[in-house]
Asker: 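Below you will find the structure I want to go over with you.
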Amino acid sequence: MKIAVVGSGYVGLVAGACFADLGHAVVLVDNDQEKLAALREGQVPIHENFLPELLQRHRGHSLTFSDDLDEAVRTSAVIFIAVGTPPTEQGEADLSYVESVARSISGAVNGYKVIVEKSTVPVYTSNWIRKIILRNATAPDEFDVASNPEFLREGTAVTDFLYPDRIVVGADNERCAAVLAEIYAPLTDGSYYKRQDAIPRPDRAEIPPPLITTSAKSAELIKHASNAFLAMKISFINAVASICETVGGNVQQVCQGIGTDSRIGPRFLNPGIGYGGSCFPKDLMAFRAVARECGYDFRLLDEVIRINEEQRRRFIRTVRNALWTLRGKRLAVLGLAFKGGTDDVRESPAILLVQSLLQEGCQICAYDPAAHARAKEVLNTTVEYANSPYEAASEADAVLILTEWEEFATLDLTRLHAAVKYPIVIDGRNLYDPGVMTARGFTYYSIGRAVATPENQSVPVPARKLN
Ligand code: UGA
């Protein structure tokens, strides 16, 4: 099938590359000439597993790049809109890019087209797209608008796309639903998975995935409700972790105890320094705003957001408890990305914490396997960047783990111990067993678990002169 994908950001680029891998002819449309030139030259603008392989495989053949939206619409049967929907100051989704693309599409319709929202948008957006296209004099039987939300996570975007838990197609008539079902047929009939060159199946993936057909409005709500529910799960366990800290419980044991209930499940129950990224914070605000507009006061979401912010303040309190005063303390920060496996620092809790610690007068030496370049764009120049966790830890008053990179869960603890000034680890992602850390000589602070101190040692407080 001939497909146009408008917008070459995270979702557009991954969707375009994956549609090409399913055997479709894809044109990826963007108005950023520099980005298009880079993509044509073979550059991969985001850090994403398997994306370089897919771009390499299809670039110039079944995946082309263009700035000509009219031409792309004329030559395609299906047009996916995957442009940005940034938040306004009030927290609503700014839909001006979606509107402008819809208007441009209407001028180029030359036969039946299916126009699909792929960006995360509030309920009613498909209605608006339809109205805009009709207003621009396209005949009603020449197009349909569908919603096909994406559930991919950064870092595993390609495998999430090709091995999804489900595919949601929101279409208000059978003709339009059939077109989308055909696009995803290689996944839903399992033929993609039999191919020798298929991207490898990740653990836990069930194949083939089910296709869930709903109304367009339901599909729009499914996307916002899914992200809100996942964020709620994280804030819930973070709240439970806070209680554990007060009563001397162990949140990992609590997680195991509740996560094994199949109605609850163990995933997205990892306590930490709060969720971040380009999706959860923005989508919660947008869902909150949509609900308010529809007359429902969704205060549960306010509480999810409040707990998330409080989690960072609690972490700063933990650092203070470990070090007494903060001014002048040298801290090794392991992790700047908003989560492991990505170089994305948007709304990263690690970045927000580094900014707070800088304000408190700390010296920061940071290491992240992928996010230095992006972090430098947002952090002030006093932050030092190290080439390894051990270099970051050199002469540090404490080591802070802020991102759940796999590399940080398998540190050489002997080397780390030798590098630091004081063997104190404050782990915002619970990557270690407290018993292991104390056996290796560290005083270990984590989330929702008691402070662990090596035998016969009280919690050390490094002394440092105030400026
Ligand atoms: C999220 C959703 O998981 C995707 O399903 C969705 O498609 C995507 O948003 C989107 O709307 O585009 P993503 O933002 O890539 O994906 O990241 P997640 O893996 O969901 O992590 C979000 C944040 O929650 C990270 O800061 C992570 O560290 C944190 N997190 C996650 C926890 O603190 N605990 C957990 O148990 C899981």
Side-chain angles (χ1 to χ4, degrees), residues 7 9-15 46-49 82 84-87 93 117-122 148-161 163-168 219-220 222-241 251-252 255 258-259 264-287 304-305 307-309 311-312 314-315 335-353 368 371 401-406 408 427-431 446-448:
Y10 238 101
V11 171
L13 187 57
V14 171
I46 52 176
H47 181 90
E48 201 58 58
N49 273 343
T85 53
E117 312 161 338
K118 204 58 164 155
S119 314
T120 301
V121 289
N148 171 220
E150 201 40 68
F151 303 100
L152 50 84
R153 291 160 301 168
E154 289 186 24
T156 52
V158 168
T159 45
D160 285 344
F161 191 101
Y163 294 85
D165 288 347
R166 77 303 204 187
I167 296 160
V168 173
E220 290 164 338
I222 286 168
K223 173 66 194 185
H224 264 159
S226 298
N227 274 4
F229 193 89
L230 291 169
M232 181 181 73
K233 238 180 145 181
I234 298 169
S235 277
F236 180 85
I237 202 62
N238 281 334
V240 172
V251 74
Q252 298 307 139
C255 280
I258 60 177
I264 297 173
R267 296 174 71 192
F268 273 71
L269 271 187
N270 296 320
I273 51 176
Y275 60 78
S278 65
C279 301
F280 284 175
K282 167 173 88 80
D283 290 353
L284 260 86
M285 300 282 283
F287 197 25
V304 170
I305 296 166
I307 294 169
N308 198 53
E309 287 164 0
Q311 205 57 16
R312 291 196 300 273
R314 289 184 71 86
F315 189 79
L336 295 165
F338 82 97
K339 65 171 189 178
T342 175
D343 61 350
D344 196 341
V345 298
R346 286 176 290 173
E347 298 290 321
S348 167
I351 294 282
L352 296 170
L353 281 170
D368 187 286
I401 302 178
L402 301 187
T403 304
E404 67 275 47
W405 280 99
E406 267 173 44
F408 299 155
D427 184 355
R429 299 292 189 167
N430 285 9
L431 299 185
S446 55
I447 309 287

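When a ligand or atom number is given, it counts from 1 through the structure's own listing order.
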Asker: I'd like the contact residues of ligand 1, where contact means a heavy atom below 4.0 Å.
Answerer: E150, F151, L152, R153, E154, K223, N227, I234, F268, L269, N270, Y275, G276, C279, F280, D283, F338, K339, E404, R429
Asker: Could you tell me whether a side-chain N or O of T403 sits under 3.5 Å from a main-chain N or O of A337, the two making a donor and an acceptor?
Answerer: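 Yes, T403 side chain to A337 backbone: donor-acceptor pair under 3.5 Å.
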Asker: Checking T342 side chain against G155 main chain: does a donor-acceptor pair fall under 3.5 Å?
Answerer: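 Side chain of T342 to backbone of G155, a donor-acceptor pair under 3.5 Å: no, none is there.
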Asker: Should Y275 and V304 count as side-chain neighbours, where that means a heavy-atom distance under 4.5 Å?
Answerer: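 Contact flag for Y275/V304 side chains = yes.
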Asker: I'd like to know whether CZ of F236 has more than 12 heavy-atom contacts from other residues, nucleotides or ligands below 6.0 angstrom.
Answerer: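 It does not: F236 CZ has 12 such atoms or fewer within range.
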Asker: Between the side chains of E117 and K223, is the shortest nitrogen-to-carboxylate-oxygen separation below 4.0 Å, so that they form an ion pair?
Answerer: no
Asker: Please enumerate all residues that pass side chain to side chain contact (heavy atoms under 4.5 Å, CB included) together with Q252, with sequence neighbours excluded.
Answerer: N250, P271, N430, R449
